[in-house]
Amino acid sequence: MNPIIPVWRYNLVDELKCIDSLLHFHGVVYVDTEFPGFLIDTPRQASESLIYSNLKFNVDATTLIQLGLTLSDENGNIAGCWEFNFSFDAQTEVTKVYTDDSLEFLKDHGINFEKLKNDGIDIRFFSDAFVHILAKHRNLKWITFHGLYDMAHMVTMVTKSSLPPSSLDFTELIANVFGCYVFDIKYIATFCDGLSKGELGLEKLAKILRVKRVGGAHQAGSDSLLSATVFSRLKTVYGIDESRHVGFLYGIGNRIRKSVRPRVLYPSFTRYCQPKIYHPMLVAPPFFHPFVLHPICSNVMFS
């Protein structure tokens, strides 16, 4: 049985409710994304400023195709894996002329673009619902593999805004949106003997650690699930001290931490997360809930 749950427009609400419930006891979230390729390729050994400049250009110009989320507890017990498939029409995307090779690559690895066009999730609707969940679970641990682009796409999805102008602003924004407990397996691998100073892909690292993949490579659900099992194995083999690696993403030097500087607020996110005092008779804070007004799901609301 495949443990990866494919999520489309028609089962989105039920699966988000499930994730919302599980996050109370499974607060470790493994993230992977798939997107329509790179409009600008960044050369190896590029400066950090060029890395971020290209990151911003690529992420601002493209959109997510898939998001993979795997939940576990602190002991590595996996609660589930979800693969969210977003609405994407290759014939109308402005990036099509630049990313045909990337789309063919994803198609060859099993991504169904016809189904994305017909049954894909509206990413704006997902963003509103996901932010509502984040507002209820503010102490999550986020783990990626080579997660610079994963976290960048997550940030732009949640804030509905372009990336900030500098890598420092970017890392501070991650901290304000997702918290500071962010880990990058590729970064951690640079400190582990026998792992080529981190210069390994996820598939190769999994083989070295004798971890088997479930599902297909370059699909967000499978990659996030593999990241979860690889990270658990890495901690067992190398005795990883997480405190040494918290807040670092492979490729940029700025640590993810909250800023004491004045910052630009992102209304689409901060309207959910500003601290308020609510009347004690209210069962839950009166967040605007996207499901209340959604034409398909008008009768659905999280508890």
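Between I5 and E83, the closest side-chain pair of non-hydrogen atoms is not below 4.5 Å. For the pair S224 and F145, the minimum side-chain heavy-atom distance is 4.5 Å or more. Between S161 and T156 there is no side-chain heavy-atom pair separated by less than 4.5 Å. Side-chain contact between T62 and H153: present, with at least one pair of heavy atoms (C-beta onward) separated by less than 4.5 Å. In this structure, the side chains of D32 and T144 stay at 4.5 Å or more apart for every pair of heavy atoms. Here the side chains of I78 and L71 are not in contact, with every heavy-atom distance at 4.5 Å or above. Side-chain contact check for T63 versus F86: every heavy-atom pair is 4.5 Å or farther apart. Contact annotation: the side chain of D60 approaches that of S162 to within less than 4.5 Å [non-hydrogen atoms, C-beta and beyond].
The structure places CG of N11 at 9.0 Å from CG of L16, a figure rounded to the nearest 0.5 Å. One distance of note links NZ of K141 with CG of D73; it measures 10.0 Å at 0.5 Å rounding. Atoms NE2 and OG1, on H26 and T70 in that order, are 12.5 Å from each other to the nearest 0.5 Å. For the atom pair CG of L226 and CD of Q219, the computed distance is 13.0 Å after rounding to the nearest 0.5 Å. To the nearest 0.5 angstrom, L64 atom CG is 9.0 Å from F126 atom CZ. Between the CG atom in L12 and the CG atom in D119 there is a gap of 12.5 Å [rounded to 0.5 Å].
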In sequence, state the C-alpha distance, the side-chain angles, and the governing distance for F178 and V155, and then conclude on side chain to side chain contact (heavy atoms under 4.5 Å, CB included).
CA-CA 8 Å; F178 296 106; V155 162; 3.7 Å; yes
Apply salt bridge (Lys or Arg N to Asp or Glu O under 4.0 Å) to the pair E199 and R44, showing each step before the final yes or no.
CA-CA 11 Å; E199 294 297 319; R44 294 174 64 88; 3.2 Å; yes
After noting the C-alpha distance and the side-chain angles of T229 and S232, does the key distance pass the side chain to side chain contact (heavy atoms under 4.5 Å, CB included) rule?
CA-CA 5 Å; T229 51; S232 179; 5.7 Å; no
Start with the C-alpha gap between N85 and I65, add the side-chain angles, then the distance that decides, and say whether side chain to side chain contact (heavy atoms under 4.5 Å, CB included) holds.
CA-CA 6 Å; N85 298 276; I65 290 177; over 6 Å; no
Stepwise side-chain hydrogen bond (donor to acceptor under 3.5 Å, both in side chains) test for T42 and N54:
CA-CA 7 Å; T42 304; N54 289 353; 3.0 Å; yes
With side chain to side chain contact (heavy atoms under 4.5 Å, CB included) as the test, would you mind laying out the steps for L148 and F170 before giving the verdict?
CA-CA 10 Å; L148 192 57; F170 170 60; 3.8 Å; yes
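One hydrophobic cluster, built from ILVMFWY side chains closer than 4.5 Å, holds both I256 and M157. Tracing side-chain contacts under 4.5 Å through hydrophobic residues (I, L, V, M, F, W, Y), one never reaches F231 starting from V182; they form parts of separate clusters. Under the 4.5 Å side-chain heavy-atom criterion for ILVMFWY residues, no single connected hydrophobic cluster contains both Y30 and I4. No chain of hydrophobic side-chain contacts below 4.5 Å, direct or via other Ile, Leu, Val, Met, Phe, Trp or Tyr residues, connects F35 to Y250. L69 and I185 fall into different hydrophobic clusters, where Ile, Leu, Val, Met, Phe, Trp and Tyr residues are linked whenever their side-chain heavy atoms come under 4.5 Å apart, directly or through other members.
In this structure, L234 and I240 approach most closely via the heavy-atom pair O-CG1, 3.8 Å. Looking at every heavy atom in both residues, R9 comes nearest to N118 through NH2-O, 3.8 Å. Scanning both residues, P36 and F88, for their nearest heavy atoms gives CG-CE1, 3.7 Å. The nearest pair of heavy atoms linking L134 to W142 is CD2-CZ2, 3.6 Å. Closest non-hydrogen pair, A175 versus C180, comes out as CB-SG, 3.8 Å. In terms of heavy atoms, A46 sits closest to I51 at O-CD1, 3.7 Å.
Environment of CZ in F113: crowded, with over 12 heavy atoms of neighbouring residues, nucleotides or ligands closer than 6.0 Å. K235 NZ: more than 12 foreign heavy atoms inside a 6.0 Å radius. By the neighbour-count criterion of 12 heavy atoms within 6.0 Å, atom NZ of K115 is densely surrounded, having more than that number from other residues, nucleotides or ligands. Heavy atoms of other residues, nucleotides or ligands lying less than 6.0 angstrom from OH of Y10 number more than 12.
No side-chain N or O of R255 forms a donor-acceptor pair with one of T171 less than 3.5 Å apart. A side-chain donor-acceptor contact under 3.5 Å links S167 and N254. Between the side chains of S72 and N77, no donor N or O sits under 3.5 Å from an acceptor N or O.
A donor-acceptor pair is defined here as one N or O able to donate and one able to accept, closer than 3.5 Å; no such pair exists between the side chain of T190 and the backbone of K197. Side chain of S127 to backbone of I123: no donor-acceptor contact under 3.5 angstrom is found. A donor-acceptor pair under 3.5 Å is formed between the side chain of Y238 and the backbone N or O of D193.
For D14, there are no side-chain hydrogen bond (donor to acceptor under 3.5 Å, both in side chains) partners at least two apart in sequence or on another chain.
Comment: R257 does not engage E172 in a salt bridge, judged by the lack of any side-chain N to carboxylate O separation of less than 4.0 angstrom. Ion pairing of D128 with K160 is present here, as a side-chain N (NZ or NE/NH1/NH2) and a carboxylate O approach within less than 4.0 Å. With respect to K186 and D184, no salt bridge is recorded, no charged nitrogen being found less than 4.0 Å from a carboxylate O. Classification of D20 and K136 as a salt-bridged pair holds, one side-chain N sitting under 4.0 Å from a carboxylate O.
Taking the six-membered ring where tryptophan is involved, the planes of H245 and F191 are tilted, since the angle between them lies from 30° to 60°.
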